[in-house]
Amino acid sequence: MQFLIETYLKSLLFFVPLFVKQLSWAETGTNLLTNSSNVNSLGYTFKYPYLLSNGLPVETTFKSPSLLPSMPSDGGNFGKRSIDLGGLEVTQLSISNSTSHRVWRTYEGGPNNMGVSIFEPTTLPRNFLKLGFYAQPNNRQLFGWILVAKDVAGSNLRPPVDYTEVGNTTSLISIKQDGPAYFWQPLCPNGYQAVGLYVTTSPVKPSLGQDSINCVRSELTEKSEADTWVWRIKDMTISSLRPATRGVEATGVYTGTFSFKNLKLLPPPLFCLKNIKFDLSSMPSENQTRVLFQTYSPWIYLHPQEDFLPSSVDWVFANGALLYQKGNESNPVLIHPNGSNLPQGGCNDDLFWLDYLVDEKAREKVKRGDLGSTKVYLHIKPMFGATFTDIVVWLFFPYNGNAHLKFLFIKSMSLGNIGEHVGDWEHVTLRISNFNGELWRVYFSEHSGGTLVDACDLEFIQGGNKPVVYSSLHGHAMFSKPGVVLQGGGKSGIRNDMARSDKFFDASIGYEVIAGPGVVEPPWLNYFRKWGPRVHYNIDKFLNSVAKILPIFLRKGLRKLINKIPLEVLGQNGPTGPKVKNKQRNGKKK
Ligand SMILES: *[C@@H]1O[C@H](CO)[C@@H](O)[C@H](O)[C@H]1NC(C)=O
Ligand SMILES: *[C@@H]1O[C@H](CO)[C@@H](O)[C@H](O)[C@H]1NC(C)=O
Ligand SMILES: *[C@@H]1O[C@H](CO)[C@@H](O)[C@H](O)[C@H]1NC(C)=O
Ligand SMILES: *[C@@H]1O[C@H](CO)[C@@H](O)[C@H](O)[C@H]1NC(C)=O
Ligand SMILES: *[C@@H]1O[C@H](CO)[C@@H](O)[C@H](O)[C@H]1NC(C)=O
Ligand SMILES: *[C@@H]1O[C@H](CO)[C@@H](O)[C@H](O)[C@H]1NC(C)=O
């Protein structure tokens, strides 16, 4: 992780709103397109064959590139289609024209200004009832799901007592739509909550009969919040919903429903489900996890000019890594190849850090990494009340290379040694359904943030279900597409360069499960101190050297840009390992 750049970016305050906006577009897979050249606003190309030909992408249903393997049966409940949340059984209904009916569509607003489609689940398994409708942007293939529920206890589902209108699109006379839509929120009996909305194309209230959506007993619900935006026009917003509290121990269940907000109206809240049973029986077994990882393990491409390759942690330790202790800097200790003499536990204080041998040749060797020894390290964890499994795929780079800036017309300006540091942990996370074993999303870690990409927007290796991942030049941030992404937005910013090359890594070849139920953790995982020393970058020196070669009228701009780097950056902190990073990240973005 380019920890310097994290702070650096945070500091570029005037850039930050743009940056955040970019990430949220990317989250819904909706980078702006300029239609003819297939180049998006971030300057990288990607294929969008549906855009100009077959009408809207949503008219095609996404299918995973190849058949999923059958899961070994291990007696657990993983992949059994339904999960018992505690007297309420839920199943994941894939939205397609065989399970659902499109009730409404616009052709404007939303990502790429292509509009939104709303679907009503219509073909439900026997005794299952619907909790809401599904909405997705039209700029991507139909790829979504919604939970439907069966009341096992007999008291966990109730029809609403009434509906209240939370908005309509009658005022949008000038936009193309399938007539106006009316959004209805269930008013629930006491002790029950609404999870989703009903949508009609007439102003007549939905009936409360068999066709109604259902309310859920409050004990089986918890607070939700907006996840990604699906559609926005004027003062109206449709957002998908996610549990407000997330993490390994969180019980909130993602339902696939959405909310409708109109600035003028404040509708009552919508809830997500809650797994009150939460016994982890729906999690994949060891054998099932192995099959899942063999199926979805990423192919990681490094940039053709990459100098600093990944390696295994053991390789670094075996080739000379030192443990430094504060106050005793002249007596570093060689770390055992198995890491057993690393201090365990504690917290990320400044008492210990790693560094490589002082001998230039040995040091350079370690810095350059070793693709042959590379392994990924897997952390298996429950997500959304154990209705999903996250496989966090960690990759270690012994060294992070320096940063490059795009500054106005200067395509690439080296920042000298700025950004260089020892020890760089990066990850992608595969989010897999415990109902059916399908890959739903992949999270790409990118400096201080990251991007969630739905499976329908991933690139897969030919003929397989393995997603392709691009690791950026020197900084090693993870991206789903090749090209250039400027962090900072606009015309200037830190460059992330991604491209295919013959330096790649098939994560299924070398991997080790390092954390999860029943796993013996290697000692280095519980080393919570720094994986590299603090570094001091001489920004002034850099500026002075660069300023000389710039035309006078540009020097000020560059100085201004770089002066936004706060003083803290100069005495930077040093990178941390997976567990500490996880803690810092928990709940963020994912
Ligand atoms: C998109 O393509 C159409 C047809 O080729 C063209 O008329 C239109 O101007 C293009 N729009 C943009 C934004 O390039
Ligand atoms: C359903 O969708 C598939 C693929 O998108 C399409 O081939 C098929 O014709 C559609 N069926 C109906 C009944 O619309
Ligand atoms: C896992 O798979 C192995 C063979 O691949 C088998 O011997 C073992 O019994 C399986 N474990 C369980 C718990 O089913
Ligand atoms: C549509 O919504 C507006 C408020 O946005 C409301 O004033 C109007 O009564 C609604 N129309 C119908 C037919 O429900
Ligand atoms: C400094 O480190 C050396 C080598 O590990 C150790 O023998 C010595 O006791 C340490 N000194 C202090 C003051 O901790
Ligand atoms: C780790 O390596 C050290 C020395 O290299 C050895 O003494 C120790 O027994 C090893 N520990 C384990 C758990 O293998």
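Order of listing sets the numbers, starting from 1, for every ligand and every atom in it.
Among protein heavy atoms, atom 11 (N) of ligand 3 sits closest to N287 ND2, 2.9 Å. The nearest protein atom to atom 9 (O) of ligand 6, hydrogens excluded, is given as N338 ND2, 4.8 Å; this is a heavy-atom distance. Considering only non-hydrogen protein atoms, atom 3 (C) of ligand 6 sits nearest to H336 ND1, 3.5 Å.
Residue S73 places no N or O, backbone or side chain, under 3.5 Å from any N or O of ligand 3. Polar contact check, T170 against ligand 4: no nitrogen or oxygen pair lies under 3.5 Å apart. Residue-to-ligand polar distances place D74 within reach of ligand 3: an N/O pair is separated by less than 3.5 Å.
For ligand 4 and E165, the ligand atoms under 4.0 Å from any heavy atom of the residue are 1 (C), 2 (O), 10 (C), 12 (C), 14 (O). Taking a cut-off of under 4.0 Å to the non-hydrogen atoms of N262, the atoms of ligand 4 that pass are 5 (O).
Under the 3.5 Å distance criterion, the side-chain polar atoms of T169 are left unmatched by any main-chain donor or acceptor of L172. Of the possible donor and acceptor atoms, none in the side chain of Q185 sits under 3.5 Å from a partner among the backbone N and O of A194. Judged by distance alone, with hydrogens and angles left aside, the side-chain atoms of R529 form a donor-acceptor pair with the main-chain N or O of C347 at under 3.5 Å.
In this structure, atom 5 (O) of ligand 4 is in close contact with the protein, since a protein heavy atom lies within 4.0 Å of it. For atom 13 (C) of ligand 4, the nearest protein heavy atom lies under 4.0 Å away.
For the residue pair E438 and S433, no side-chain donor N or O sits within less than 3.5 Å of a side-chain acceptor on the partner.
No more than 12 heavy-atom neighbours from other residues, nucleotides or ligands sit within 6.0 angstrom of CG on N190. Counting non-hydrogen atoms of neighbouring residues, nucleotides and ligands closer than 6.0 angstrom, the NZ atom of K80 exceeds 12 such neighbours.
Taking CG from L378 and CG from D390, the interatomic distance works out to 12.0 Å, rounded to the nearest 0.5 Å.
Each of L197, V166, V195 was evaluated against L270; a single residue qualifies, L197, per the side chain to side chain contact (heavy atoms under 4.5 Å, CB included) test.
The residue from L263, D235, V204, N168 that puts a heavy atom closest to atom 8 (C) of ligand 4 is N168.
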